[in-house]
J.: 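This is the structure I want to talk about, given as structure tokens.
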Amino acid sequence: MGQFMYQKSIPADLTADVLVIGGGPAGLCAAIAAARNGADTLLIEQNGYCGGMASAGLVAPFMTCYDSGGTTMLIRGLFEEIIDRLVAVGGAIHPSRVNSPSSFTSYITNGHNHVTPFRVESLKRIADQMLTESGVRILYHTTFIDAITAGDRIDRVIVSMKDGLHAVSAKTVVDCSGDGDCAAAAGVPYVLGNGAGRIQPATMFFRVGGVDLAQVDGDIAANRDNFFRKDGVNYRSLHWWVEKARQAGDWTLDRVSIGLFRGVDEDEWSINTSRIMGVDGTDSASLTRGEIIGREQVEEIFRFLVKYVPGFANARLLQSGATLGIRETRHIAGIRTLTTEDVLACRVPNDAIMIAANAIDVHGRYGPRSNEYITLPPDHCYGVPYGTMAAVNLSNLLVAGRCISAESDAAGAIRVMPPCMGIGQAAGTAAAMAAGAGTDLRELNTASLRDLLRTQGVMLDEEFIAANHANPAPVRNVGCI
């Protein structure tokens with residue numbers, strides 16, 4: 001125990017207009033956007049590829065990018081470009097072709113219309129191509145270590161590379177670590193989870209092959225009228241088999257249904273069922289415990305699928321996530337905060353940098369079986385304010401992704417990958433603007449930013465917003481069935 005002082009001279013040889021920390025869904029889009037807007041952009045990523053939860057975490061599919069009525073694609077821009085490029089190489093099915101309920105949506109109706117199945121390997125390659133084409137300087141196998149501040153600015157960022165520690169100097173920094181690691185190291189205030197000890201549970205995703213789609217569809221169809229919600233718990237896909245396995249001693253997990261999502265190939269499925277409570281994604285020991293428990297749960301779930309579920313008798317376990325699926329950690333303090341009421345009231349502020357209609361999705365508030373899912377009225381949306389990205393006490397730092405300044409339940413809506421990608425594009429664009437003009441990011445002209453985002457295909461259509469928000473209907477509080 002105790003502490004000691006460690007000092008070492010390290011090269012201060014890396015510079016950039018914009019430094020993006022993390023190449024997950026938000027960071028990928030932030031880096032591309034910054035470079036396309038003329039900034040010398042450096043992206044650091046601890047893995048050997050981009051994608052984050054979408055690649056290393058095997059989180060799939062991309063959740064909906066449409067309004068809850070399923071009529072209008074809201075999240076566009078770089079997200080749409082990535083999807084179009086994936087579709088062109090057979091690496092995704094366009095969300096316009098995916099309806100709910102179906103095998104693509106785990107047979108869920110509410111909030112899942114127009115999800116996007118994709119191939120992880122295709123996403124990795126498309127990410128490399130788009131970053132390279134945009135002129136981003138990429139450093140894989142590079143990990144954020146610390147942030148050194150001077151006044152109200154981040155002066156240097158310390159990173160660990162294979163050849164040792166290096167210091168990076170950048171005009172603006174975009175923290176897309178997912179956990180607000182740079183922001184926290186730089187002294188930005190934050191709340192962990194809901195601030196009262198609750199953090200959404202983690203999941204170890206895994207993929208299986210050799211599934212017989214027709215048999216799974218047949219079993220679901222025979223039991224579709226047996227989907228229901230009781231005492232805050234969703235009884236949906238395969239809960240009838242889970243109960244049979246539990247009675248036989250073949251199921252010990254405190255879960256009642258199976259989240260299973262068909263991929264691009266009809267025999268390959270993503271399984272989103274494991275649930276690990278109490279994991280703090282900012283703590284290595286806690287993450288280690290979660291990874292070990294997650295793989296134990298994967299083994300039990302896969303055994304169950306093969307033994308009990310029609311269509312899985314010849315299934316193969318292809319891969320579990322290289323990292324645990326984390327839903328929530330820090331929420332940084334920004335100059336604006338996205339509130340739960342903002343989402344429920346379908347508010348679109350005049351500094352909105354993206355609009356979305358993703359449901360508030362809160363797992364595990366009342367234990368590992370519970371799930372709260374609140375969808376918006378059809379054709380409505382909410383806006384994410386620019387100020388949710390701007391750190392309250394630093395002039396050259398933006399945060400993008402699930403750790404923006406948001407109340408815990410509100411973050412349960414924008415934490416999924418399409419909104420994170422939209423937020424990332426806005427952050428990268430704003431960082432490039434500020435780097436070029438020497439502007440304090442807290443004082444950026446958001447009208448100019450929004451105009452620029454529109455030219456990049458971002459959906460900020462005032463006519464759509466006005467037409468569908470003249471008389472907002474009350475939200476529907478529903479379970480995810």
J.: Does some side-chain heavy atom of Thr143 sit less than 4.5 Å from a side-chain heavy atom of Glu45?
T.: no
J.: Go through it in stages, so that I can follow the logic: the residues are His239 and Phe228, the test is ring pair (Phe, Tyr, Trp, His ring centres under 6.0 Å), and I'd like the CA-CA distance, side-chain angles, deciding distance and then a yes or no.
T.: CA-CA 10 Å; His239 74 82; Phe228 63 96; 5.5 Å; yes
J.: Under the side-chain contact (heavy atoms from CB on, under 4.5 Å) test, which residues partner Ser405, sequence neighbours left out?
T.: Ile332, Thr337, Thr388
J.: Working note: Arg295 + Glu291, criterion salt bridge (Lys or Arg N to Asp or Glu O under 4.0 Å); need CA distance, chi angles, decisive distance, verdict.
T.: CA-CA 6 Å; Arg295 284 186 283 271; Glu291 300 273 4; 3.6 Å; yes
J.: Taking the side chain as every heavy atom from C-beta outward, state whether Tyr382 and Asn358 have any pair of such atoms under 4.5 Å apart.
T.: yes
J.: Does Arg365 pair with Glu372 as a salt bridge, N-O distance under 4.0 Å?
T.: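 Here Arg365 pairs with Glu372 in a salt bridge, since their nearest N and O are under 4.0 Å apart.
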J.: Do other residues, nucleotides or ligands put more than 12 heavy atoms under 6.0 Å from the CG atom of Asp225?
T.: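 No.
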J.: So which of His112, His380, His114 actually passes ring pair (Phe, Tyr, Trp, His ring centres under 6.0 Å) with Tyr66?
T.: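 Filter result, single survivor: His114.
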J.: Compute both the distance and the angle, then confirm whether Arg330 meets the cation-pi test with Tyr190: under 6.0 Å from the six-membered ring centre, within 45 degrees of the axis.
T.: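 Geometry flag: set, cation within 6.0 Å and 45°.
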J.: Could you go through Phe118 and Phe62, starting from their C-alpha distance and side-chain angles, then the distance that decides it, and tell me whether this counts as ring pair (Phe, Tyr, Trp, His ring centres under 6.0 Å)?
T.: CA-CA 8 Å; Phe118 65 92; Phe62 291 123; 4.2 Å; yes
J.: Could you pull out the closest heavy-atom pair between Leu376 and Cys381, with the gap in Å?
T.: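 Leu376 and Cys381 have their closest heavy atoms at CD1-CA, 3.9 Å.
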J.: Under 3.5 Å, is there a donor-acceptor pair between the side chain of Thr132 and the main chain of Gln129?
T.: no
J.: Whether the side chain of Asn47 engages the backbone of Tyr49 through a donor-acceptor N/O pair (distance < 3.5 Å, no angle test) should be reported.
T.: no
J.: Report yes if the side chains of Asp254 and Met277 come closer than 4.5 Å at any heavy-atom pair, otherwise no.
T.: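 No, side chains not in contact.
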J.: Under 6.0 Å from the CZ atom of Arg303, do we count more than 12 heavy atoms belonging to anything else shown?
T.: yes
J.: Could you check if a side-chain atom of Leu317 sits within less than 4.5 angstrom of a side-chain atom of Val298, using non-hydrogen atoms only?
T.: yes
J.: Tell me if the aromatic rings of Tyr107 and Phe227 count as close, with their centers under 6.0 Å from one another.
T.: no
J.: Tell me whether the count of non-hydrogen atoms from other residues, nucleotides or ligands lying under 6.0 Å of CG in Asn314 goes above 12.
T.: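 No, CG of Asn314 has 12 or fewer neighbouring heavy atoms, counting only those of other groups under 6.0 Å.
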